[in-house]
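Naming convention: chains lettered A, B, ... in sequence-line order (proteins, then strands); numbering from 1 in each chain. Both backbone and side-chain heavy atoms feed into the values below; hydrogens, waters and symmetry mates do not.
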Amino acid sequence: DTGVSQDPRHKITKRGQNVTFRCDPISEHNRLYWYRQTLGQGPEFLTYFQNEAQLEKSRLLSDRFSAERPKGSFSTLEIQRTEQGDSAMYLCASSLYDRDYEKLFFGSGTQLSVL
Amino acid sequence: EDQVTQSPEALRLQEGESSSLNCSYTVSGLRGLFWYRQDPGKGPEFLFTLYSAGEEKEKERLKATLTKKESFLHITAPKPEDSATYLCAVQDAGFQKLVFGTGTRLLVSP
């Protein structure tokens, strides 16, 4: 169990640029979640996948955001035309979903700063 | 809409001084209540899941309890390494996402 891995750990970009983050979940986990966290706040749900299917998206996820999970393995989160309000920690989590039990394991996150 | 309120926002304890953190929640149907620990610059680390009122779980110096409206995280004889932000989250039976509170920042001084 190598844990959830996220890359890069830090990203600094200029407003209007596109950025892409990668998440590698724990290998046997079938669910993958993206959350966003700003300073002093708890994580906020963005979207989740079960295997390769994206099953739910938050209204926080504007048209500039897109997430993929090809073949149900790693996932990418892309933000187009970044804005200063996108500055946050982007957290990925994975779980082995069971009807009665679910435990999310989080990665260390990607800290995005939009200048 | 599901809501989670944590108190206090910050708590400063002396080493060995036991205390409790509170998590009040509103949810239409509770599937689970989660406690996580978060260190600066890192992602949340899972501590406990509680599923029904009356349930209790323990891990080292931590004990989590659940009622129909709130959960408590009791910290017995804390050590400086227990310093972190403690997050509470609920999962609604109708949804898959976790709704988090804003956390309690705990500082334990030697």
Side-chain angles (χ1 to χ4, degrees), chain A residues 1 3-7 9-10 21 23-26 29-51 53-61 88-111 113, chain B residues 1-10 21-27 29-52 55 57 59 64 71 73 84-106:
Chain A
D1 177 1
V4 178
S5 177
Q6 292 190 245
D7 185 69
R9 289 296 313 279
H10 305 274
F21 311 138
C23 172
D24 287 276
I26 294 171
H29 285 184
N30 55 0
R31 280 202 172 177
L32 186 148
Y33 296 78
W34 285 100
Y35 283 78
R36 180 172 70 185
Q37 186 176 26
T38 54
L39 199 61
Q41 301 297 312
E44 292 179 294
F45 171 79
L46 294 178
T47 188
Y48 89 95
F49 294 81
Q50 180 151 322
N51 300 312
Q54 188 173 16
L55 297 184
E56 187 176 343
K57 294 195 291 187
S58 164
R59 61 178 181 271
L60 292 175
L61 214 64
M89 171 81 86
Y90 289 83
L91 293 163
C92 176
S94 70
S95 73
L96 182 61
Y97 175 69
D98 177 89
R99 185 174 59 88
D100 299 314
Y101 176 78
E102 187 171 14
K103 184 164 76 173
L104 271 65
F105 292 85
F106 282 85
S108 292
T110 294
Q111 182 66 53
S113 298
Chain B
E1 187 173 326
D2 301 337
Q3 280 194 313
V4 177
T5 303
Q6 291 188 247
S7 62
E9 287 187 10
L21 313 182
N22 177 263
C23 171
S24 298
Y25 65 91
T26 303
V27 64
L30 183 68
R31 181 166 182 249
L33 184 139
F34 299 74
W35 282 98
Y36 283 86
R37 168 192 170 127
Q38 187 172 28
D39 293 301
K42 296 192 174 182
E45 176 188 345
F46 175 83
L47 293 174
F48 304 107
T49 309
L50 302 167
Y51 294 99
S52 57
E55 189 174 0
K57 288 194 176 172
K59 179 181 178 180
S71 176
L73 185 66
T85 295
Y86 290 85
L87 295 165
C88 172
V90 295
Q91 189 176 36
D92 190 307
F95 302 93
Q96 304 306 319
K97 67 180 182 181
L98 297 184
V99 176
F100 283 85
T102 53
T104 293
R105 295 189 311 278
L106 174 66

Open item on the list: Can you confirm whether B:Gln96 sits close enough to A:Gln50 that some side-chain heavy atom of one is under 4.5 Å from a side-chain heavy atom of the other?
Closed with: no
Open item on the list: For the backbone of B:Leu98 and the side chain of A:Tyr35, can you confirm whether one donor and one acceptor N or O come within less than 3.5 Å of each other?
Closed with: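 The answer is yes, because a donor-acceptor pair under 3.5 Å joins these two groups.
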- [ ] Find the one option among A:Pro43, A:Ser108, A:Gly42 whose heavy-atom pairs under 4.5 Å with chain B are most numerous.
- [x]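 Winner by heavy-atom pair count: A:Pro43.
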Open item on the list: Can you tell me how far apart CZ (B:Phe100) and CD (A:Gln41) are? Round to the nearest 0.5 Å.
Closed with: 13.0 Å
Open item on the list: Rounded to the nearest 0.5 Å, what separates atom NZ in A:Lys57 from atom NZ in B:Lys97?
Closed with: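 These two atoms lie 14.5 Å from each other.
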Task: ring-ring contact (aromatic ring centres under 6.0 Å, His included) partners for A:Phe21, two or more places apart - done: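 Applying ring-ring contact (aromatic ring centres under 6.0 Å, His included) to A:Phe21 gives A:Tyr90.
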Task: Partner set under side chain to side chain donor-acceptor pair (under 3.5 Å) for B:Gln38, not counting sequence neighbours - done: A:Gln37
Open item on the list: At a 4.5 Å cut-off on heavy atoms, which part of A:Leu46 comes close to chain B: side chain, backbone, both, or neither?
Closed with: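 The answer is neither part of A:Leu46.
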Open item on the list: Less than 4.5 Å to any heavy atom of chain A: does that hold for the side chain of B:Gln91, its backbone, both, or neither?
Closed with: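 Contact with chain A is through the side chain of B:Gln91 alone.
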